[in-house]
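Computation of the quantities below employed the complete heavy-atom set of this structure, encompassing side-chain atoms and omitting hydrogens, waters and symmetry-equivalent molecules. Note that the coordinates shown come from a computational prediction; the quantities given were computed from them, not determined experimentally.
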Amino acid sequence: MRAAIGVTGQFSAVDGLITGEENMLLMADLHHLSRSESRRTSSELLERFDLVEAAKKAVSTYSGGMKRRLDLAMTLVGNPRIIFLDEPTTGLDPRSRHNMWQIIRELVSDGVTVFLTTQYLEEADELADRIAVLNDGRIAAHGTAEELKRLIPGRTCPAALH
């Protein structure tokens with residue numbers, strides 16, 4: 001079960017002292033991939049996340065968006081079917097943020113279940129099929145984006161949420 005789950009935390013878990021490629025290969029080693037499988041998987045993911053040109057450079061030279069993409073690529077090395085993303089776009093510029101949104105959409109379309117935590121309502125509205133709003137660690141409301149929008153006081157809507 002553990003192999004089916006991937007986690008990308010709010011703060012990047014990449015090692016800035018080594019290259020992007022070395023970070024990927026390290027993750028492949030942790031997943032006990034063969035040498036050839038490690039190289040193939042790392043190359044494919046570096047290409048998918050547009051990191052080929054930077055792959056041989058120290059991660060300390062990467063922009064915030066590049067580090068976030070590398071972090072997510074490392075999460076995908078084990079081909080997890082469930083991924084937890086904690087604040088994946090925090091601190092990203094608008095272009096990097098929208099690129100990350102596209103990556104998340106692609107994961108979902110590939111059949112990966114993504115649990116996303118975010119403080120950005122626009123992000124939840126854009127990416128989530130179902131949303132749970134937490135208050136003091138408890139679910140205060142849940143539903144689709146449209147169902148939750150109907151709960152906003154003063155907003156007129158034809159159907160009431162049960």
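- F84 and I104 fall into different hydrophobic clusters, where Ile, Leu, Val, Met, Phe, Trp and Tyr residues are linked whenever their side-chain heavy atoms come under 4.5 Å apart, directly or through other members.
- Under the 4.5 Å side-chain heavy-atom criterion for ILVMFWY residues, a single connected hydrophobic cluster contains both L33 and L72.
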*Could you walk me through whether M24 and E21 pass the side chain to side chain contact (heavy atoms under 4.5 Å, CB included) test, one step at a time?*
CA-CA 5 Å; M24 294 294 294; E21 182 179 50; 5.6 Å; no
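- Separation of atoms CG (L25) and OG (S38) is listed at 6.5 Å; rounding is to 0.5 Å.
- Looking at every heavy atom in both residues, S60 comes nearest to K67 through O-NZ, 4.4 Å.
- A pairwise comparison of heavy atoms in A141 and L151 identifies CB-CD1, 4.2 Å as the closest pair.
- In the model, S34 has no side-chain atom that pairs as donor or acceptor with a side-chain atom of E37 under 3.5 Å.
- Closest approach of I5 and P80 over heavy atoms only: C-CB, 3.7 Å.
- Under the 4.5 Å side-chain criterion, counting only non-hydrogen atoms from C-beta, L76 is in contact with F49.
- Atom CG of L51 sits about 5.5 Å away from atom CE of M66, to the nearest 0.5 Å.
- Of the residues E122, E123, E106, the one that meets the side-chain hydrogen bond (donor to acceptor under 3.5 Å, both in side chains) test with W101 is E123.
- Within the model, atoms CG of N99 and CG of D50 stand 8.0 Å from one another, a figure rounded to the nearest 0.5 Å.
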*asked:* As a quick check of understanding, evaluate side chain to side chain contact (heavy atoms under 4.5 Å, CB included) for R130 and E147, giving each step before the final call.
replied: CA-CA 10 Å; R130 307 272 309 155; E147 288 170 342; 3.6 Å; yes
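- Here the shortest heavy-atom pairing between N135 and A140 reads CB-CB, 4.0 Å.
- Linking Ile, Leu, Val, Met, Phe, Trp and Tyr residues whenever their side-chain heavy atoms come within less than 4.5 Å places L46 and M27 in a single cluster.
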*Go through the steps to decide whether N23 and L70 satisfy the test side chain to side chain contact (heavy atoms under 4.5 Å, CB included), and finish with yes or no.*
CA-CA 8 Å; N23 270 278; L70 178 61; 4.3 Å; yes
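- The same ILVMFWY cluster, assembled from side-chain heavy atoms under 4.5 Å apart, contains both L30 and V14.
- Both L116 and V112 are members of a single hydrophobic cluster when ILVMFWY side chains are connected at heavy-atom separations under 4.5 Å.
- Using a distance-only test at 3.5 Å, with no hydrogens or angles considered, no donor-acceptor pair links the side chain of T61 to the main chain of K57.
- To the nearest 0.5 Å, atoms CZ (R105) and NE2 (H98) are separated by 8.5 Å.
- T19 places no side-chain N or O within donor-acceptor distance of the main-chain N or O of A58, the cut-off being under 3.5 Å.
- Under a 3.5 Å cut-off, the side chain of S43 and the backbone N or O of R39 do form a donor-acceptor pair.
- Between R48 and E44 there is no salt bridge, since no side-chain N of the basic residue sits under 4.0 Å from a carboxylate O of the acidic one.
- Going from atom OG1 of T89 over to atom CZ of R97 covers 5.0 Å, rounded to the nearest 0.5 Å.
- Checking D93 against S96 by side-chain atom types alone, a donor-acceptor pair falls below 3.5 Å.
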_CA sep, side-chain torsions, deciding dist, call: L107, I83, side chain to side chain contact (heavy atoms under 4.5 Å, CB included)_ = CA-CA 9 Å; L107 290 170; I83 297 176; 4.1 Å; yes
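- Once rounded to the nearest 0.5 Å, the distance linking CD of E47 with CD of E53 reads 11.5 Å.
- For Q102, the CD atom is densely surrounded, since the number of other residues' heavy atoms within 6.0 Å is greater than 12.
- Panel note: side chain Y62, backbone R68; no donor-acceptor pair is recorded below 3.5 Å.
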